[in-house]
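Structure incoming, see below.
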Amino acid sequence: MSILKSIFTAIRGGASEVGESIVDSQAMRILEQEIRDSKDGIAKAKQSLAKLKAREVGCSRQLKDLQDEEAEYTSKLKQCMAADKAELAAACAEKIGELRGDIAEKQSQVDQLSGETSKLYKIIEQRQKNIEKNEGEVEKLQTVMELSKTRSAMASAMPTNDSSAKRVRTAMERVQKKAGQQEDGMAADQWMADMESGADLDNQLAEAGIGSQSKSSAADIMAEFAKDK
């Protein structure tokens, strides 16, 4: 892409990291401005194309009127010849000749306008595709720049030496220890609540098989059916 190539060619060299960052941000602004200017140019080109197309449509309508008029005088010429009206037939023939000259001229105008509008439309269409491509490049570059900023921020936030890393690990261990102590306390509170509500006695009775209906085993069911025989 010519715009990107010219920008990044201009910023290559032995600039410092800070200087490169400044130039990169300026390059992005330049590129974005180029895209905005291109869009404005496309909008104006479309307006001009619309006017040109309106002229083509107008000329096409005039051509159709001339062709209809020629058909009308052709019909009249035939009627005059059938009625032996030689003078009127000659007048009609002369009129038809004039109309055919006008039709040829108008047809030439229509063809020229049609060719110009088609050519300009293709140019505008191609320019729009280029703009969309440039916008995609800008978005990609912006993403890369944001990722670079994120990496820099993360690198700045991370410990830079062993002592810092050790302090981070120690702090994490303290947090985990406190979390374990809180879980132990919650378990003790639950045990106390169960004792106070009598749930512990119910559990002991259930384990002894008292107060609960045990499920019948297959042997019990077989014995039950054997008695019925």
Side-chain angles (χ1 to χ4, degrees), residues 1-12 22-149:
M1 186 172 55
S2 59
I3 299 174
L4 278 176
K5 185 176 180 181
S6 61
I7 291 174
F8 289 107
T9 299
I11 66 174
R12 277 186 302 186
I22 296 173
V23 173
D24 288 346
S25 63
Q26 292 294 332
M28 290 298 298
R29 280 195 286 269
I30 293 172
L31 182 54
E32 290 171 348
Q33 184 61 49
E34 289 281 354
I35 291 174
R36 286 192 292 270
D37 293 343
S38 297
K39 285 185 174 181
D40 291 340
I42 288 292
K44 293 177 181 178
K46 284 184 175 180
Q47 292 176 357
S48 299
L49 179 59
K51 292 178 181 179
L52 196 63
K53 188 64 178 179
R55 286 182 57 192
E56 179 192 343
V57 171
C59 286
S60 297
R61 185 177 61 253
Q62 294 171 2
L63 175 61
K64 181 64 169 55
D65 293 341
L66 290 171
Q67 290 171 337
D68 291 343
E69 191 174 359
E70 180 195 7
E72 180 183 355
Y73 276 97
T74 298
S75 176
K76 290 178 179 180
L77 172 60
K78 292 178 181 179
Q79 293 175 25
C80 290
M81 293 178 66
D84 291 330
K85 303 291 185 179
E87 186 175 348
L88 289 175
C92 288
E94 184 177 355
K95 180 65 175 179
I96 291 171
E98 293 176 357
L99 288 170
R100 287 180 177 177
D102 294 339
I103 288 172
E105 182 179 353
K106 191 61 66 176
Q107 183 67 63
S108 177
Q109 293 178 6
V110 171
D111 292 342
Q112 182 180 5
L113 289 171
S114 177
E116 290 178 357
T117 52
S118 297
K119 182 172 64 177
L120 289 175
Y121 177 80
K122 290 179 180 179
I123 293 174
I124 291 174
E125 188 178 34
Q126 185 60 46
R127 293 294 186 273
Q128 286 181 316
K129 290 180 180 179
N130 290 340
I131 291 174
E132 292 174 0
K133 182 179 179 181
N134 290 347
E135 287 179 324
E137 291 292 335
V138 169
E139 291 177 359
K140 183 169 68 176
L141 291 172
Q142 287 175 336
T143 301
V144 171
M145 293 175 69
E146 289 300 325
L147 287 173
S148 178
K149 292 179 182 178

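Atoms considered below: every heavy atom in the structure, side chains included; atoms not considered: hydrogens, waters and symmetry mates.
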Check: With Glu125, which residues qualify under side chain to side chain contact (heavy atoms under 4.5 Å, CB included), at least two apart?
Finding: Tyr121, Lys129
Checklist line | Leu52 side, atom CG; Lys119 side, atom NZ - distance, nearest 0.5 Å | finding: 10.5 Å
Item checked: Nearest atoms (heavy-atom pairs only) where Leu99 meets Leu66 -> CD2-CD2, 4.0 Å
Note to self: As an exercise, state the distance from CG of Leu120 to NZ of Lys53, rounded to the nearest 0.5 Å.
What the structure shows: 11.5 Å
Item checked: For Glu72, side chain to side chain contact (heavy atoms under 4.5 Å, CB included) partners two or more places apart -> Lys76
Item checked: Closest non-hydrogen atom pair between Leu77 and Ala89, with its separation -> CD1-O, 2.9 Å
Check: Rounded to the nearest 0.5 Å, how far apart are CG of Leu31 and CZ of Arg36?
Finding: 10.0 Å
Next item on the list: Would you please name every residue forming a salt bridge (Lys or Arg N to Asp or Glu O under 4.0 Å) with Lys140, sequence neighbours left out?
Entry: Glu137
Checklist line | Test salt bridge (Lys or Arg N to Asp or Glu O under 4.0 Å) applied to Glu105 - qualifying residues, sequence neighbours left out | finding: none
Check: With Lys64, which residues qualify under side-chain hydrogen bond (donor to acceptor under 3.5 Å, both in side chains), at least two apart?
Finding: Asp68
Notebook entry, point to check: Do the side chains of Gln79 and Ser75 get nearer than 4.5 Å, heavy atoms only?
Noted result: yes
Margin query: I'd like to know if the side chain of Thr143 reaches the main chain of Glu139, judged simply by a donor and an acceptor atom lying under 3.5 Å from each other, with no hydrogens or angles considered.
Written below: yes
Check: Hey, does Cys59 have a side-chain heavy atom less than 4.5 Å from the side chain of Lys106?
Finding: yes
Next item on the list: Please collect all side chain to side chain donor-acceptor pair (under 3.5 Å) contacts where either partner lies in residues 94-103, sequence neighbours excluded, each pair once.
Entry: Glu70-Arg100
Checklist line | salt bridge (Lys or Arg N to Asp or Glu O under 4.0 Å) involving Asp37 - partner list, sequence neighbours excluded | finding: none
Checklist line | Asp65 CG to Ile103 CD1 distance, which is reported to the nearest 0.5 Å | finding: 10.5 Å
Notebook entry, point to check: Could you give the distance from CD (Gln67) to CD (Glu69), rounded to the nearest 0.5 Å?
Noted result: 11.5 Å
Check: What residues, two or more places apart in sequence or in another chain, satisfy salt bridge (Lys or Arg N to Asp or Glu O under 4.0 Å) together with Lys78?
Finding: none
Next item on the list: Write down the atom of Cys80, the atom of Leu88, and the distance for their closest heavy-atom approach.
Entry: SG-CB, 3.6 Å
Next item on the list: Step by step, work out the side-chain contact (heavy atoms from CB on, under 4.5 Å) result for Glu135 and Lys39.
Entry: CA-CA 11 Å; Glu135 287 179 324; Lys39 285 185 174 181; 2.4 Å; yes
Note to self: Using a 3.5 Å distance criterion without hydrogens, assess whether the side chain of Thr117 forms a donor-acceptor pair with backbone atoms of Ser114.
What the structure shows: yes
Item checked: Partners passing side-chain hydrogen bond (donor to acceptor under 3.5 Å, both in side chains) against Gln47 (at least two apart in sequence or in another chain) -> none
Note to self: So for atom CD, which belongs to Gln33, do other residues, nucleotides or ligands contribute more than 12 heavy atoms lying within a distance under 6.0 Å?
What the structure shows: yes
Note to self: Holding to side-chain hydrogen bond (donor to acceptor under 3.5 Å, both in side chains), I want the full list of residues that pass it with Gln107, two or more places apart in sequence or in another chain.
What the structure shows: Asp111
Next item on the list: List for me each residue that meets side chain to side chain contact (heavy atoms under 4.5 Å, CB included) alongside Gln128, sequence neighbours excluded, and say none if there are none.
Entry: Ile42, Lys46, Ile124
Margin query: Holding to side chain to side chain contact (heavy atoms under 4.5 Å, CB included), I want the full list of residues that pass it with Ser60, two or more places apart in sequence or in another chain.
Written below: Glu56, Val110
